[in-house]
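Taking it in order: structure first as structure tokens, then the write-up.
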2 protein chains.
Amino acid sequence: MKDLDISEVAKQTGIPASTLRYYDEKGLIRSIGRRGAKRLYDPSVLDYLALIQLGQTAGFKLTEIAGIFGPDGPQIPRDALRDKAAGIERQIRELEVVRDGLRHVAECSAPSHLECPTFRRMMRLAADHRRRHGE
Amino acid sequence: MKDLDISEVAKQTGIPASTLRYYDEKGLIRSIGRRGAKRLYDPSVLDYLALIQLGQTAGFKLTEIAGIFGPDGPQIPRDALRDKAAGIERQIRELEVVRDGLRHVAECSAPSHLECPTFRRMMRLAADHRRRHGE
DNA sequence: ATGCAAGTTAAAGTGAACTTGAGGTCAAGC
DNA sequence: GCTTGACCTCAAGTTCACTTTAACTTGCAT
């Protein structure tokens with residue numbers, strides 16, 4: 001009897017019960033049964049929820065996540081997946097710029113950041129990058 | 001007369017005019033004046049819009065972006081900025097996992113990805129990572 | 001002067017991802 | 001067997017970031 005009730009899942013993942021019910025309703029997770037009216041989850045749901053959060057970090061919609069890892073495997077063609085991976089690669093590059101920008105802003109105290117040459121150069125780079133690889 | 005009207009800004013950035021008006025209304029950008037009723041923008045708005053998009057990629061809300069680079073510089077304490085940078089650093093790590101995961105899914109054709117050992121290992125790593133560094 | 005494309009406003013609508021609230025159910029402990 | 005508290009459903013509400021619509025105004029070409 002190692003099945004988890006909704007509050008146990010909530011406690012272990014930090015995801016509110018209301019959200020878990022919402023995911024359940026949307027078909028992103030699936031309870032293994034009920035005790036009375038109460039949902040019971042297999043522990044594997046924890047891995048699955050980690051996957052969902054990861055997908056969200058990457059900017060996937062819930063419906064896309066459900067589509068990729070739905071009840072039975074992905075229906076997504078390989079090319080689309082490779083494209084997605086490339087998109088995330090670009091996103092990583094942009095985040096590196098933001099990270100460096102924030103670090104710079106935290107240190108350098110020019111009167112306004114928009115006047116700091118280092119900062120402007122970073123912005124220019126980012127704009128160019130965005131221009132080269134579609135938005 | 002190198003000022004830009006709204007459609008020029010839209011064309012050069014790819015951002016719809018409706019969104020530019022929305023940003024204007026929200027105080028994220030500011031027109032340098034009007035010709036008749038029509039907004040005119042300084043070319044620097046292009047850099048500024050690149051910055052906004054960059055901020056969005058990093059998951060900042062529009063109000064946060066306005067707060068950091070509002071009319072006059074950031075009011076955000078250095079520590080908060082460093083924390084943000086660290087958060088983005090984590091986000092980058094997670095995106096690397098997603099990128100690798102997608103690439104893997106694109107190649108390996110196990111019956112279901114949830115059964116592929118490589119994939120499960122990646123998920124576990126991600127979950128651990130998320131557990132160590134708050135959500 | 002007239003017509004019209006391209007702008008304007010204000011308000012309402014959209015979609016995604018949740019959250020909240022009211023009222024109901026049920027297994028467990030006293 | 002009755003209360004209690006954790007869970008349930010279903011509908012409505014919230015936030016964010018826009019988009020759409022309807023009705024109005026204006027600079028510019030004819």
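Each chain gets a letter, A, B and so on, in the order its sequence line appears, and its residues count up from 1.
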Practice prompt. Would you mind checking if R82(B) and D79(B) are paired as a salt bridge, meaning a charged N to carboxylate O distance below 4.0 Å?
Written response: yes
Response to the item:
Residues passing the salt bridge (charged side-chain N to carboxylate O under 4.0 Å, His left out) test with E89(B), sequence neighbours excluded, are R99(A), R103(A), R93(B)
Worksheet item: Are L20(A) and L40(A) connected, step by step, through hydrophobic side chains (Ile, Leu, Val, Met, Phe, Trp, Tyr) whose heavy atoms are closer than 4.5 Å?
Response: no
Worksheet item: Any idea which heavy atoms bring A10(A) and A17(A) closest together, and the distance?
Response: CB-N, 4.2 Å
Worksheet item: Where is the tightest heavy-atom contact between R30(A) and D24(A), given as atom of each residue plus distance?
Response: CA-OD1, 4.3 Å
Worksheet item: What string of B, S and - do you get for nucleotides 12-30 of chain C 5' to 3' if you count protein non-hydrogen atoms under 4.0 Å?
Response: -----BBSB------S---
Worksheet item: Under 3.5 Å, is there a donor-acceptor pair linking the side chains of D42(B) and Y48(B)?
Response: no
Worksheet item: Between which nucleotides of DNA chain D, 5' to 3', does chain B make heavy-atom contacts below 4.0 Å?
Response: dC16(D) to dG27(D)
Fill in: Spacing of E25(B) atom CD relative to dT9(C) atom C1', expressed in whole Å
9 Å
Worksheet item: Where is the tightest heavy-atom contact between V105(A) and R78(B), given as atom of each residue plus distance?
Response: O-NH1, 3.9 Å
Worksheet item: Run the side-chain contact (heavy atoms from CB on, under 4.5 Å) check on F60(B) and I88(B) step by step: do they pass?
Response: CA-CA 11 Å; F60(B) 289 102; I88(B) 290 169; 4.3 Å; yes
Fill in: Whole-Å gap separating C1' (dT8(C)) and CG (L20(B))
14 Å
